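Before any comments, here is the structure.
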Protein chains: 2
Amino acid sequence: MGQLDTTRQPGCELCVTDGGFLVMRNLKLRVIRVLDLDYPGFYRVIWNDHAAEFTDLPTADRVYLMEALAKVESLVREHLHPTKVNLASLGNVVPHLHWHVIARFADDKHFPQPIWGSTQREVASSHWDGMRAELKALDIAIQAALN
Amino acid sequence: MGQLDTTRQPGCELCVTDGGFLVMRNLKLRVIRVLDLDYPGFYRVIWNDHAAEFTDLPTADRVYLMEALAKVESLVREHLHPTKVNLASLGNVVPHLHWHVIARFADDKHFPQPIWGSTQREVASSHWDGMRAELKALDIAIQAALN
């Protein structure tokens, strides 16, 4: 696993922890599922080595990362049938390259605002129980597609 | 221009307008600069044909789009030296594929929150006057890089 340790940044949380519930990890990247009561279909694709910006990666790695992201998005669409998928690489708080993949639904807490925007409606966590029952199969499909 | 007209979606604003201040347009995509008083270095890369999700594009188009996005990000970094760049494809309101490229600064209105989050501080628009003076050169560099 030495290869994973070459570019750790002291003090960077995503260099030393998975950063959430680990779905899969390979030599380049990992996928975690965010355990969010309001957003069941919320994954992050995290680059293993420390890089702050998308353009800190060489082209081949950017293509690899975005095709991994596309696989996650495709599987999220196939399994959860969201109204829209939101993709974002922000990293203002933790500047270690990671992409959010968020299944959005017309009746979720913030739709059509971004999940970081103002609340549009209150939604009971139990509203998503049926969808949560689908997540194990989705996790397994993501693991199979990226390993 | 027939090729651009094949996949228009009735009622979609980004199928019939540029969607902002046009920096460049080629057969596949265009770049607009968002005229935002709080965010001078805010661009959008908009796919010309109507597609809602990133994974509605075939692989070759996804790679082309993301490499265009990388060129815009690189030039934004080179010209404006932001604290962080934020990339996002949301499209909840206008589900026509477009990517936000936003130069973020530690002293901007929402940092470290996303620009859609809660205000962290009030910043006079004049604070960014010096940066606005750099935008013409940045626009021209983007145009040259993508045409």
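Bear in mind the structure is a predicted one, so any value in this text is a computation, not a measurement. In the text below, chain A, chain B and the rest are named by the order of the sequence lines, each starting its count at 1.
Salt-bridge formation is not detected for the pair A/Lys136/A/Asp139: no Lys NZ or Arg NE/NH1/NH2 atom is positioned less than 4.0 Å from an Asp or Glu carboxylate oxygen.
Per-residue heavy-atom pair counts under 4.5 Å with chain B were compared for A/Ile115, A/Val85, A/Val93, and the maximum is reached by A/Val85. The residue among A/Gln113, A/Met66, A/Glu73 with the most heavy atom pairs within less than 4.5 Å of chain B is A/Glu73. The most heavy-atom pairs under 4.5 Å with chain A, out of B/Ala52, B/Pro114, B/Pro95, B/Ala70, come from B/Pro114. Across B/Gly117, B/Ser89, B/Ala88, the residue that shares the most heavy-atom pairs under 4.5 angstrom with chain A is B/Ser89. Counting heavy-atom pairs closer than 4.5 Å to chain A, the top residue among B/Arg104, B/Lys84, B/Lys71 is B/Lys84.
Looking only at atom types and distance, the side chain of A/Arg77 has no donor-acceptor partner in the side chain of A/Ser74 under 3.5 Å away.
Taking the six-membered ring where the residue is Trp, A/Phe54 and A/Trp99 present perpendicular rings, their angle passing 60° and hence far from 30°. Note: B/Tyr39 and B/His110 have parallel aromatic rings, judged against thresholds of 30 and 60 degrees for the angle between ring planes. Ring geometry for A/Phe42 versus A/His100: interplanar angle of 30 to 60°, hence tilted.
Residue contact with chain A, scored on non-hydrogen atoms closer than 4.5 Å, involves the backbone and the side chain of B/Asp56 alike. Of the two parts of B/Glu67, only the side chain, counted from C-beta on, holds a non-hydrogen atom closer than 4.5 Å to a non-hydrogen atom of chain A. Contact of B/Val63 with chain A is made through the side chain alone, with heavy-atom distances under 4.5 Å.
Contact detail for A/Arg62 and A/Leu57: the closest heavy-atom pair is NH1-O, 2.9 Å.
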